[in-house]
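By convention in this document, chain letters (A, B, ...) are assigned in the order of the sequence lines, proteins followed by strands, and residues within each chain are numbered from 1.
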Protein chains: 2
Amino acid sequence: MSTIAKALKLLELFSETRPQLGLSDAQRLTGRDKATVHRHLVALEAAGFLEQDADSRAYRLGPALTRLAGMRARTVPEVEMIRAETDRLSRAAGELVHISRLHGFDLVDVYHAEHHDHPVRVSFDAYGLPPLLATSSGMAYLAFSSRHLLDMAVADQRTWVPGGQPPDPDSLRGDLAAIAQRGYARNRDSLRLGVSSVAIPLFDAAGRAVATCSIAYPTSRGGKQVEARLARLLMQSGAALSAAIGGTVPADLHAIWTPSHERAAS
Amino acid sequence: MSTIAKALKLLELFSETRPQLGLSDAQRLTGRDKATVHRHLVALEAAGFLEQDADSRAYRLGPALTRLAGMRARTVPEVEMIRAETDRLSRAAGELVHISRLHGFDLVDVYHAEHHDHPVRVSFDAYGLPPLLATSSGMAYLAFSSRHLLDMAVADQRTWVPGGQPPDPDSLRGDLAAIAQRGYARNRDSLRLGVSSVAIPLFDAAGRAVATCSIAYPTSRGGKQVEARLARLLMQSGAALSAAIGGTVPADLHAIWTPSHERAAS
DNA sequence: GTCCACAGGTTCACTATATGAACCAATAAA
DNA sequence: TTTATTGGTTCATATAGTGAACCTGTGGAC
């Protein structure tokens with residue numbers, strides 16, 4: 001492993017539950033020699049990627065990160081930022097992955113990736129603009145938005161499931177609560193026969209849902225187990241996808257997405 | 001120079017005018033061997049600090065920066081973030097450096113640093129809350145805020161220079177325009193006899209002025225040349241101070257703060 | 001006070017790791 | 001076709017990174 005990789009790995013040690021760490025902490029967590037870790041920390045600090053508390057001598061994430069992240073936000077278009085993670089996710093899932101943004105009550109395609117080797121695939125129309133209440137993306141979005149938005153959506157006939165009953169706000173609220181608890185929304189044949197999907201919301205810097213990511217797959221691919229696998233992949237990418245557009249996942253949802261044993265490991 | 005430092009220096013090559021660069025670009029800009037630069041780029045990419053465009057093979061700043069900057073914003077308190085840069089500036093200037101935030105029309109102390117070896121020093125009272133229109137900090141703030149705010153400030157008697165004439169909005173507007181053009185505000189004996197200061201605003205992520213940084217020094221220290229030196233130091237720190245709180249300096253002001261030859265060098 | 005444990009940090013012989021000249025392959029203009 | 005780019009790779013060389021042992025300061029425990 002390159003020295004650079006070792007040093008940068010040190011930055012990954014920081015988290016909400018471990019906002020700063022001393023030399024010995026870093027040494028223990030990495031298993032490397034103290035002198036090595038120390039020189040890495042010093043190098044990172046010299047470059048502004050860490051800063052050291054004058055009193056406690058503990059290290060914390062430095063201002064260079066903020067500066068460079070700002071630079072990235074200004075120079076890299078949003079689509080480019082999520083592209084890499086979306087491609088990765090599509091490759092891992094072997095299915096169609098779709099990033100949508102909400103404009104009014106319409107889901108519009110931001111980017112999609114389709115890396116798979118299944119002979120059977122979901123076909124789709126990027127300009128299809130399916131109704132909000134009929135898609136897993138729309139439901140994922142609503143589940144993490146204000147109640148107010150749901151009421152407005154229900155009042156707007158264009159969001160309804162085409163050809164279906166008028167939506168019942170109470171039962172919808174129950175569905176959304178279930179989604180919020182589960183961490184993702186799902187859809188099985190309800191919009192188009194033979195097409196299933198799972199979806200999660202993407203959040204901005206203020207923690208508001210602003211977009212969605214969904215994986216669509218032929219229902220024929222399988223049942224609960226297929227859904228569970230895709231949902232797991234989706235939720236594992238959730239934090240990175242929001243981070244890519246400069247956002248952060250609310251803590252409670254993050255806890256659902258990241259099983260405790262994974263969080264302990266990081 | 002450590003390998004880590006060399007690699008991290010690569011990240012500094014990116015700017016608004018140079019949002020992405022190829023292997024050869026990076027090689028030229030650093031003067032290092034192509035193979036070396038390439039392995040550094042690959043290492044940074046593997047850690048997510050860079051990402052490579054699939055088509056052009058050019059590198060741009062990666063998502064790990066956004067993620068870590070978000071982590072920093074969530075875990076490091078604002079005061080801590082500006083402390084390091086403020087201390088540095090105070091040491092370089094050899095004078096009292098003051099970070100203030102505006103609450104209503106009051107400037108309140110966020111942090112101050114006083115690293116100097118002059119026998120004569122400016123004494124100050126952190127709870128003094130000097131009136132907005134009487135301080136370089138206040139004027140620096142207003143010069144980069146909306147006109148509307150000035151009108152409200154002028155209407156509020158508490159912002160006036162104590163014991164002075166009621167402020168004249170037109171002449172004030174002229175003063176503020178001069179500050180905006182110069183890049184910093186200055187004050188010479190107008191609030192307290194024998195005390196001078198220079199000040200600049202700090203900006204948030206949306207580019208709004210939200211705080212100020214000032215250097216106060218005894219007027220007896222000297223005239224234009226002392227002011228020019230301190231102002232230059234102040235403006236050099238401007239970008240880092242705003243970046244420390246997660247903000248960015250508006251492009252036009254950034255151009256004033258950073259002489260063209262310095263920008264070309266970076 | 002003394003002792004102990006742990007903290008952050010430094011030294012220096014040793015060797016693993018980074019380096020760079022020369023190389024390949026692809027593309028685009030001349 | 002030739003030439004000049006580009007991005008990327010190889011491998012002998014030596015530089016830069018490593019880690020056991022060391023120093024120093026601090027905060028208990030007794």
Side-chain angles (χ1 to χ4, degrees), chain A residues 1-15 17-62 64 75-76 80 83-84 87-88 91, chain B residues 1-15 17-62 64 75-76 80 83-84 87-88 91:
Chain A
M1 180 186 269
S2 76
T3 335
I4 299 166
K6 287 179 219 159
L8 295 181
K9 257 210 154 70
L10 285 175
L11 298 176
E12 306 297 331
L13 297 176
F14 294 87
S15 65
T17 54
R18 203 194 292 130
Q20 52 178 40
L21 68 169
L23 173 58
S24 301
D25 299 323
Q27 191 267 319
R28 263 190 298 278
L29 289 163
T30 56
R32 257 182 272 286
D33 188 272
K34 191 168 46 150
T36 302
V37 172
H38 181 243
R39 267 174 307 99
H40 289 177
L41 289 171
V42 168
L44 288 168
E45 196 209 353
F49 284 69
L50 290 178
E51 58 184 359
Q52 191 174 28
D53 190 286
D55 311 332
S56 73
R57 311 223 130 195
Y59 297 87
R60 58 168 173 265
L61 296 172
T75 57
V76 180
E80 291 299 317
R83 189 185 303 236
D87 285 347
R88 209 194 55 70
R91 236 176 288 271
Chain B
M1 180 186 266
S2 77
T3 335
I4 300 165
K6 286 179 219 160
L8 295 181
K9 256 209 154 68
L10 285 175
L11 298 176
E12 306 296 332
L13 297 177
F14 294 87
S15 65
T17 54
R18 203 194 292 128
Q20 53 178 40
L21 66 170
L23 173 58
S24 301
D25 299 323
Q27 191 267 318
R28 262 189 300 276
L29 288 163
T30 56
R32 260 182 270 287
D33 188 89
K34 192 168 49 148
T36 302
V37 172
H38 181 243
R39 266 174 306 103
H40 289 178
L41 289 171
V42 168
L44 289 168
E45 196 208 353
F49 284 69
L50 289 178
E51 59 184 0
Q52 191 174 30
D53 191 285
D55 310 332
S56 73
R57 311 224 127 195
Y59 297 87
R60 56 167 173 264
L61 296 173
T75 57
V76 180
E80 292 298 317
R83 189 186 303 239
D87 286 347
R88 209 194 55 69
R91 235 177 289 272

- Query: Looking at residues 19-30 of chain A, who's got a heavy atom less than 4.0 Å off DNA chain C?
  - Reply: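 When residues 19-30 of chain A is checked for heavy atoms under 4.0 Å from DNA chain C, the hits, listed by number, are Gly22(A), Leu23(A), Ser24(A), Arg28(A).
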Which atom names give the shortest non-hydrogen contact between [X] and [Y], and what distance separates them?
| X | Y | result |
| --- | --- | --- |
| Leu8(B) | Ala43(A) | CD1-O, 4.5 Å |
| Leu41(A) | Ala26(A) | CD1-CB, 4.4 Å |
| Ala7(B) | Leu44(B) | O-CD1, 3.4 Å |

Rounding to an integer number of Å, can you tell me how far Lys6(B) NZ sits from dT15(D) P?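 In whole Å, dT15(D) P and Lys6(B) NZ are 12 Å from each other.
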_Donor-acceptor under 3.5 Å (Asp87(A) side chain, Ala84(A) main chain)_ = no
* Asked: Side chain of Gln27(B), backbone of Asp33(B): donor and acceptor closer than 3.5 Å?
  ->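 Such a contact is absent between Gln27(B) side chain and Asp33(B) backbone.
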Once rounded to the nearest 0.5 Å, what's the spacing between atom CZ of Arg60(A) and atom CD of Glu51(A)?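 Going from the CZ atom of Arg60(A) to the CD atom of Glu51(A) covers 4.0 Å.
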Inset, instruction - Take Leu11(B) and Phe49(A), measure what side chain to side chain contact (heavy atoms under 4.5 Å, CB included) needs, and give me the verdict at the end. - result: CA-CA 11 Å; Leu11(B) 298 176; Phe49(A) 284 69; 3.4 Å; yes
Do the non-hydrogen side-chain atoms of Asp25(A) and Tyr59(A) ever get within less than 4.5 Å of each other? no
Practice task
Report the C-alpha distance between Leu13(B) and Thr30(B) in whole Å, list the side-chain angles of each, state the deciding distance to 0.1 Å, and finish with yes or no for side chain to side chain contact (heavy atoms under 4.5 Å, CB included).
Solution key: CA-CA 9 Å; Leu13(B) 297 177; Thr30(B) 56; 4.0 Å; yes
query: So does Lys9(B) have more than 12 non-hydrogen atoms from other groups sitting under 6.0 Å from NZ?
result: no
Worksheet item: Going by heavy atoms closer than 4.0 Å, what residues in residues 33-47 of chain A are next to DNA chain D?
Response: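 Residues of residues 33-47 of chain A that come under 4.0 Å of DNA chain D are, in numerical order, Asp33(A), Ala35(A), Thr36(A), Arg39(A), His40(A).
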For DNA chain D, which residues in residues 51-60 of chain B have a heavy atom at a distance below 4.0 Å?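 Within this stretch, Gln52(B), Arg57(B), Tyr59(B) sit under 4.0 Å of the strand.
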